[in-house]
Structure formats: C-alpha cells, structure tokens
Amino acid sequence: MKRFFGPVTMADPQVSDAEHELFGGPLRPTAATQEHDVNPRTLDHTDTLELPVTGDGPFNALHTFWKPSHYATGLEAHTESCSWRTFRVGDLVVGVRLHAEDRTVIADIYTAGDFKPADREELTRRLISSYGLDEDHAAFAELASHVPAMREALAVLGGMRQSCPEDHFEIAVIALLLQNVTIRRTAQMTRNLLAHYGHLVHFDGITLRAWFTPDEIAHVPPETLKERDRLGFRAKSLPHYAAYFRDHSTEDLKAAGNLMEAVQEIKGVGPYTAAVIASHASRAPAAFGIDVWNRKILARRLLDANDAAPETVMTRLNELFPGYAGTAGLYLVEHEYLTNPVASLLRSGPDALTAWNAALEQTGT
DNA sequence: GCCCAGGCCAGTT
DNA sequence: AACTGGCATGGG
C-alpha cells in the first residue's frame, strides 16, 4: 500500500474521488485520500455471440445500452457506438463488449480461464433478457403515441428497451443504496462496496469493476459495512439481502407467484425496492418504483405541477399507460436527462480510455 | 444548527 | 389500515 499523506487508519477507509472527478461530479477535498495502485485481472477474448432482436417494434441500441439517468458505477462504459459491461455468470467474471448492426447485437466475450458451453448458454440468455431483445415493443409504442405528454420522449428515444444487466441481487443492492440519500451518497457507497468486495478487470482496452456475489459479501459484518463502507442504516440490511439471494436462485424467483410480495420478506426491502427489482430484473412493464426523484419529474410531465402525492402520480401514470406504467416512467425519466446526462458518454479515442482506466485503477481497495 | 436526499420499520392510533 | 418518529450520513 502506498501512503501519500500521513497514516491511514481504520477510520479513513473511503475510496478516492479520482473516478468521481472523471464522471463529472464535483470534488470534495481529498488532502488525506489514500490511493492504491490496483492491478486489474486481464480477461481474454473467448467468444462472439450474435444476438438478433426478435421482439417486434423498433430497436434503439444506444439508449437500450446506455441510460442518461443512470449514475456512474464503473461497471459499464459507453461510447456513441459501443458499450462495455461486466457480468457475473455463476462465479465467473465476464467482460462483454456490445455493439449493434441494425437488428443484431454483437457481443464479444472476454473471460479468464475456461468458458463452458453451459456458461455460454447462460450468458446468452442473460444478455437477451437484460436488454429485452426478445420483448415486443410495438404495443407500448402504439399506446404511447396517443399520449401528448409522451410524444417528444417517444420521438427521441423510440425503440429504447428497459436495461438491467444486473441480476436480482445486484439490482436489489442498487435500490438499497438509493434509499433516502442523494445520488452522490449512493455513488460513494457503490464505490466503496465495489472497491472492497468486487473485482477489477481489464479487457478490450478498458478497465471496469465487476459485482460481488451474495456469497462473496454475506460474511461481512454490519459494523464493517457501516464504518468502512459508510452504508449508514443500510448496513443492517445488506447481509439480509445477501443471504436471501444466496438461498433463492433466479429460477426460484421467477417461479414465485408474486415477486413484489416475496422480496418484501427481506428486511430492508419495502414497496420501492420491490418494485425496482420487479420492473428491472424481472422486467415487469407495469411495475414502477416511485421515489421523491421520479415523482417530481412525473408530476411536472403528467400533472403540470412541481410535485404531487405519490398516489396521485401513480394513478395518473396507470390511467395513461395501463399495463405499462414502468415503461412509461422509464421513457419520461430518461428523456428528462437526455440533454444533460448523469454519466456522459465516453468520447471515442485512446485518451478518454486512458483517463477512464487510470481513474478506476487508482481507487482504493 | 436545520432540512433534505432516487425508503423502511416498529410502535402507536 | 393509516399515521409517526427514528434510523445514518453528508451537503446545502
């Protein structure tokens, strides 16, 4: 460990703000920040998948892969024409480079060590599902085309699908970290968890983080999550999340009669987090997790008010887009951020990649 | 100091 | 069932 400034104590555990600066956020003073050089694990090109978009309706590759409203995690990076993303497939860490040619998504796969046929099949299913490549989109497009408040969003984003490269556990953790904090705090907690328990990989010229599995974090005591990772009251919840998703496979969850109710048995999962899991990982188009952020956006766009009660907003959303509240909310929120994205596209070219990689590799463990 | 963030829970009416 | 205070933390 390199120490640039004074002693590093247990009370000085946060990761640096180097990548935060890269991602465009304001900087806090970093006088005593500890900086480590971390060697990412190199993944090799092992496969190429060609995935046709089989669902009907238009397909918008850029805005399916990249969502302007999503905060930076280091798990993915995007340029105008190409995206990189990590996936956990069982215990494997997989790097994927995505681009689209018309209605075919081409996924170059990078792994360390053996990549079995079963892994290939699982990743194929995962990619198709994560980006909704087999989902019909025409019905929503038709419905939305008749709602004036949606017209502009549909014109610019049409063909965008819900994206959720996260599995149920991963998206549940994201939603947990969003609870009752600013995005700045969410990003801080995400950086801490991924730096401390995730993986750093390098493939196709880019360095990215990868998630931890439930097994890899289930043993971490709440005190550590609170004091070292700055999770606040969420520190008590994360171990419950890890245990639940360790013990309930994706197949179990799909078989659950009512997923929204089922996951609320987890301590720290309420209506909002359950709806995020359902609408994202389970891709339920009618589910929408309403929070103080999207509530205000939807109040302006659907009710011509600066804010409104959540029930009022949900009633309006459901009456305008029956069966598609989640999809409609997605379009309106992404449109809100399109001209001023939370995490911008990477410029194409070696300089931008070099800066990106350096920021991730200097962030502490 | 006080208030608010991309909520949830346990304890009261 | 519907309210309420407390929970952690950091920025404005």
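All heavy atoms count here, side chains included; hydrogens, waters and symmetry mates do not. Below, chain A is the first sequence line, B the second, and so on; all start at residue 1.
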### Message
Looking only at the side chain of A/D291 (C-beta and beyond, no hydrogens), which of the listed nucleotides C/dG10, C/dA8, B/dG6 gets closest?
### Response
B/dG6

### Query
Reckon A/I266 touches a base, only the sugar-phosphate, or nothing at all at heavy-atom distances under 4.0 Å?
sugar-phosphate

### Query
For A/S237, which contact category applies under a 4.0 Å heavy-atom criterion: base, sugar-phosphate, or nothing?
nothing

### Query
In whole Å, what is the span from the CZ atom of A/R185 to the C1' atom of B/dG7?
14 Å

### Task
Measure up the A/Y110 and A/F203 rings against each other and bin them: parallel (under 30°), tilted (30 to 60°), perpendicular (over 60°).
tilted

### Query
Roughly how far, to the nearest 0.5 Å, is CG of A/D247 from CG of A/D252?
9.5 Å

#### Entry: Main-chain N/O of A/N306 paired with A/R300 side-chain donor or acceptor, under 3.5 Å
no

### Task
Provide, to the nearest angstrom, the distance between the CG atom belonging to A/L231 and the P atom belonging to C/dC7.
18 Å

### Task
May I have the distance from A/I183 (atom CD1) to B/dC4 (atom P), rounded to whole angstrom?
19 Å

### Between C/dA8 and B/dG11 - P atom distance, rounded Å
15 Å

### Message
It should be established whether A/T186 places a side-chain nitrogen or oxygen under 4.0 Å from OP1 or OP2 of nucleotide B/dA5.
### Response
no

### Message
Can you measure A/L225 atom CG to C/dC7 atom P for me and round it to whole angstrom units?
### Response
20 Å

### Task
Determine the contact category for A/V181: base if any of its heavy atoms lies under 4.0 Å from a base atom, sugar-phosphate if only primed atoms, P, OP1 or OP2 are that close, otherwise nothing.
base

### Message
Determine whether the aromatic ring of A/Y272 stacks with the base of B/dG7, defined as ring centroids separated by less than 5.5 Å and ring planes inclined by less than 30°.
### Response
no

### Task
Would you indicate what A/V269 reaches in the nucleic acid, counting non-hydrogen atoms under 4.0 angstrom: base, sugar-phosphate, or nothing?
sugar-phosphate

### Message
Looking at A/K226, I'd like to know whether one of its side-chain N or O atoms comes within less than 4.0 Å of OP1 or OP2 on C/dC7.
### Response
no

### Message
Rounding to an integer number of Å, can you tell me how far A/N294 CG sits from B/dA5 P?
### Response
13 Å

## Note on the structure
Taken to the nearest whole Å, CZ/A/F233 to C1'/C/dG5 is 13 Å

### Query
A/R230 has a side chain; which of C/dG11, C/dT9, C/dA8 sits nearest to it?
C/dT9

### Task
Check whether more than 12 heavy atoms from other residues, nucleotides or ligands sit under 6.0 Å from atom CZ of A/R295, and answer yes or no.
yes

### Message
Would you say the ring centers of A/Y244 and A/F169 fall short of 6.0 Å from each other?
### Response
no

### Query
When you compare C/dG5 with B/dG6, how far apart are their P atoms, in angstrom units rounded to a whole number?
23 Å

### Task
Could you check how far CD of A/E265 sits from P of B/dC9, rounded to whole Å?
12 Å

### Message
From OH of A/Y241 over to P of B/dC9, roughly how many Å is that when rounded to an integer?
### Response
8 Å

### Query
Relative to each other, are the rings of A/Y331 and A/F140 parallel, tilted or perpendicular (30° and 60° limits)?
tilted

### Task
State, with a plain yes or no, whether a side-chain heavy atom of A/V105 is found less than 4.5 Å away from one of A/L98.
yes

### Task
Would you check if there is a donor-acceptor pair between the side chains of A/D229 and A/H196 at a distance under 3.5 Å?
yes

### Query
Start at the 5' end of DNA chain B and walk down; is the nucleotide closest to A/P271 or to A/K296 reached first?
A/K296

### Message
My validator wants the stems of DNA chain B: runs of 3 or more consecutive Watson-Crick or G-U pairs, both distances under 3.5 Å, written as range with range.
### Response
B:2-5 with C:9-12, B:7-13 with C:1-7

